[in-house]
Amino acid sequence: MPSSRVLYWFRTDLRISDSPALCASLSLGDIEAFYPVWCWDPSYIYGHRVGLNRWSFLLESMISLSSELTRLNREQKLLVVRSKPQEILPVLWKEWGITHVVWEKDSNAYSKIRDEEIIRLANINGVQVVCVHGRHLYDPEKVGEGYGNKPTLTLHAWQTVTSKMGKVPKPSPTPTTLPDPGITTLPQAKDKFKWEGLDMNSHIRTGHDTCYDHILGPNHDFSIPTMSQMGYSSSTTSIRGGTIQAHQCLSNFLRDPRKVATFSKPASSPTSLEPSTTLLSPYLKFGCVGVREVWWGCKDVIETYTGGGITKEPENMFGQLQFRDMYASAEAATRHFERIRGNHVSRYIDWGLQNQYDPSGHEILPRPRGDLVDEERFEAWKEGRTGFPWIDACMRQLKYEGWIHHLARHSVACYLTRGQCYISWERGMEVFDEWLIDWDPASNPGNWMWLSCSAFFSQYYRVYGLVSWPQKTDKTGQLVRKYCPELKGFPDKYIYAPHLAPESVQRQANCIIGIDYPSPSLDERTEKDRCIARLKNAFALNLHGDAAEVLDGTAAGMFRAKHAESGVSEIKEMSEKERKREEGEKRRKRSGDASLEGFFKRKKVDGGHDKGKGKEKDEEDDDVDRDVGMGEIVKGGKKKKETIQGEA
DNA sequence: CTTCTGTTGAATAG
DNA sequence: CTATTCAACAGAAG
């Protein structure tokens with residue numbers, strides 16, 4: 001048997017545990033030299049907007065992986081080369097006499113194109129490619145094949161296909177040794193790589209990027225880049241990368257069998273200061289932990305649980321992992337999954353601030369300024385200054401921590417798209433791409449399509465309340481008080497709607513709305529009504545991203561006509577007084593008794609009810625305040641704002 | 001064709 | 001705390 005010289009290319013799998021690809025590479029037999037390589041690819045470094053938190057998480061995970069490799073063999077470490085894989089890998093193959101190149105399969109569109117090129121180059125160079133699936137429960141491409149090459153648009157569809165593909169494999173064994181590396185000199189390598197394209201991260205760079213000064217790093221030793229070498233200041237997140245942290249995180253969760261057995265995602269709280277979920281997603285994203293370790297870890301622990309309340313798919317832990325797979329399978333089977341145009345899966349809706357394309361319809365152009373109202377709403381959303389504390393707190397937490405609860409993502413995504421702002425999910429997706437540590441090329445577009453009712457989900461009349469919804473899990477507004485500290489003096493009653501607080505309350509809170517914290521950038525109810533009406537029209541037109549009308553540009557006109565016909569633009573802002581009256585009428589109508597007697601009867605029941613469950617005496621007063629004073633608060637608030645501004 | 005289901009809405013009745 | 005209504009969607013199953 002001829003000996004082999006193996007180059008293991010790390011990309012999506014910064015771990016040595018549960019790695020089918022790594023196991024495959026080590027079983028090649030008679031390994032003369034083993035090279036664990038990371039390509040510091042400038043098209044990723046410069047071509048994607050990535051925030052500081054994800055950069056630091058990546059670097060920490062690389063350091064962690066490298067020390068794991070060293071633990072297995074003192075001569076080993078992660079070899080970082082600063083160049084495009086398409087250019088440097090053939091050089092490494094030649095210089096190091098590589099016979100096999102091995103990597104974990106990545107089915108997402110961007111990686112697929114790159115990897116096909118590497119496979120082509122390997123064939124030319126006589127290097128054998130070993131590409132092993134291991135990132136998901138089931139190979140997304142195989143799932144697609146099992147579903148007629150269609151995307152899995154429901155979890156049920158995914159489950160049906162995979163039920164015929166056997167059980168989820170057990171985690172692959174963690175290697176206990178590694179072969180030695182061979183010589184690592186590179187006489188032929190260029191000294192310096194020059195990036196010619198646009199640097200999409202210049203806005204967060206405070207210094208010069210020196211990473212590419214030498215292909216092997218500043219000391220010519222394949223070192224892992226640092227934040228300062230990239231010209232970045234340090235990150236703000238408290239989430240630390242690495243396989244050690246990943247496994248600590250997993251075993252923390254598995255320590256409590258009851259927690260694992262009764263885990264229910266929809267029931268977890270998006271408002272709590274400490275994450276109410278496992279926080280495993282960043283580690284899964286970078287492959288610091290294997291998905292089968294999580295799957296079987298949970299399975300095994302649940303075996304030991306004897307109590308009740310065991311949750312099932314889809315809301316349990318297994319359902320969460322299955323959704324991740326479902327999105328990956330859908331992405332692998334869909335062209336242009338990450339955008340609207342050309343995407344068969346995504347419903348076409350005439351959102352504001354959509355992607356712009358060159359005449360050929362392929363290249364996304366730098367976005368020109370759109371409608372000014374849309375632009376302002378988008379910027380306010382991104383910067384956490386919408387005037388709705390719940391949205392602002394979430395967006396500020398997202399930027400600061402690189403993570404927010406899954407349901408908080410729902411809430412801010414709904415607000416930006418179909419809930420209030422009517423702005424393209426492409427814009428929101430980009431912001432998540434930049435700021436989320438756990439950003440995933442399938443889950444994120446998938447979830448944005450879900451929340452915007454573009455695919456996977458369609459009940460557009462279910463809109464998350466900006467005040468009522470966070471109140472369900474936290475009446476006290478902890479998260480708002482932490483991330484919008486200017487509001488922390490407000491009483492619970494107004495914490496999610498400080499613009500409704502009387503001037504005296506605002507003064508006491510030391511925060512004047514419109515000065516110290518923005519007034520709401522829109523009317524929640526009016527925009528919600530308008531959005532629902534427009535979504536209704538969009539569903540009636542039933543166009544998708546790959547429709548001829550979308551590609552030839554006639555879709556916009558169809559929407560304009562439809563909106564005009566249905567009177568969408570007629571929806572006007574209703575004053576609080578009118579709204580109250582309307583609600584009262586509705587209530588009477590529903591009770592089937594339009595008389596005053598019926599009205600009073602109902603009121604009495606309401607009052608008694610409140611007394612029954614009310615634990616605080618304030619609560620009753622609150623209701624009285626609302627009934628009597630809301631209209632005045634709003635109107636007065638607007639007027640008084642002027643007075644205050646005049647004074648200030 | 002009809003019926004059922006769909007991880008995670010809000011408001012209200014009991 | 002749980003069930004129902006609100007006004008009504010797509011996709012899959014039958």
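Note that this is a predicted model, so its numbers are computed, not measured.
Rounded to an integer number of Å, the gap from CD of Gln320(A) to C1' of dT7(B) is 7 Å. Here the P atom of nucleotide dG9(B) and the CD atom of Gln471(A) are 17 Å apart, to the nearest Å. Taking atom CG of Leu407(A) as the reference point, atom P of dA10(B) lies 11 Å away to the nearest angstrom. To the nearest angstrom, P of dC6(C) lies 16 Å from NZ of Lys528(A). Distance, His344(A) NE2 to dA10(C) C1': 13 Å, rounded to whole Å. Atom P of nucleotide dT7(B) and atom CZ of Phe456(A) are separated by 11 Å, given to the nearest angstrom. If you measure from atom CD of Glu315(A) to atom C1' of dG6(B), you get 12 Å, rounded to the nearest angstrom. Protein atom CZ of Arg418(A) is 9 Å distant from nucleotide atom P of dG9(B), rounded to whole Å.
Spacing between dT5(B) and dA8(C) at atom C1', rounded to whole Å, works out to 14 Å. Nucleotides dT5(C) and dC4(B), compared at atom P, are 15 Å apart to the nearest Å. Of the P atoms belonging to dA10(C) and dA10(B), the separation is 22 Å, rounded to the nearest Å.
Side chain of Arg418(A) to backbone of Ser454(A): no donor-acceptor contact under 3.5 angstrom is found.
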Show each protein N/O and nucleotides 11-14 of chain C N/O combination with a separation under 3.5 Å, one pair to a line.
from    : atom 1 : to        : atom 2 : distance (Å)
dA12(C) : OP1    : Tyr147(A) : OH     : 2.7

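Of all nucleotides present, none satisfies the Watson-Crick or G-U wobble test against dT7(B) with each distance under 3.5 Å. Using N1 to N3 plus N6-O4 or O6-N4 for Watson-Crick, or N1-O2 and O6-N3 for G-U wobble, each under 3.5 Å, dA13(C) pairs with dT2(B).
For the residue pair Asn537(A) / Arg534(A), no side-chain donor-acceptor distance below 3.5 Å is found, with atom types taken as modelled. For the residue pair Thr277(A) and Ser268(A), no side-chain donor N or O sits within less than 3.5 Å of a side-chain acceptor on the partner.
Within 4.0 Å (heavy atoms only), Glu313(A) reaches no atom of the nucleic acid at all. Looking at heavy-atom distances under 4.0 Å, Gly465(A) makes contact with sugar-phosphate atoms alone, never a base. Phe323(A) comes within contact range of at least one nucleobase, with a heavy-atom separation under 4.0 Å.
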Inset, instruction - Take Asp523(A) and Thr526(A), measure what side-chain hydrogen bond (donor to acceptor under 3.5 Å, both in side chains) needs, and give me the verdict at the end. - result: CA-CA 6 Å; Asp523(A) 183 78; Thr526(A) 308; 2.4 Å; yes
Legend entry - Stepwise side-chain hydrogen bond (donor to acceptor under 3.5 Å, both in side chains) test for Asp438(A) and Ser281(A): CA-CA 6 Å; Asp438(A) 62 24; Ser281(A) 57; 2.6 Å; yes
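Set against dT7(B), dT8(B), dA10(C), the side chain of Tyr464(A) has dT8(B) as its closest nucleotide. Side chain of Trp450(A), nearest nucleotide from dG9(B), dT8(B), dC9(C): dT8(B).
Salt-bridge annotation for Asp492(A) and Lys475(A): absent, with no side-chain N of the basic residue lying under 4.0 Å from a carboxylate O of the acidic one. Between Asp374(A) and Arg427(A), none of the side-chain N atoms (NZ, or NE/NH1/NH2) sits under 4.0 Å from a carboxylate O, so this pair counts as no salt bridge.
Taking the six-membered ring for Trp, Tyr327(A) and Phe337(A) have ring centres at least 6.0 Å apart. Aromatic rings from Tyr415(A) and Trp390(A) are positioned such that their centres are separated by 6.0 Å or more.
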Which atom pairs, one a donor and one an acceptor, fall under 3.5 Å between side chains of residues 460-469 of chain A and the rest of the protein, sequence neighbours left out?
from      : atom 1 : to        : atom 2 : distance (Å)
Tyr464(A) : OH     : His410(A) : ND1    : 3.1

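Within the 4.0 Å cut-off from OP1 or OP2 of dT7(B), not a single side-chain nitrogen or oxygen of Lys312(A) is found.
Taking the 5.5 Å centre cut-off and the 30° plane limit, the aromatic side chain of Tyr461(A) is not classed as stacked on dC9(C).
Looking at residues 533-542 of chain A, you'll see Lys536(A), Phe539(A) sit with a heavy atom under 4.0 Å from some atom of DNA chain C.
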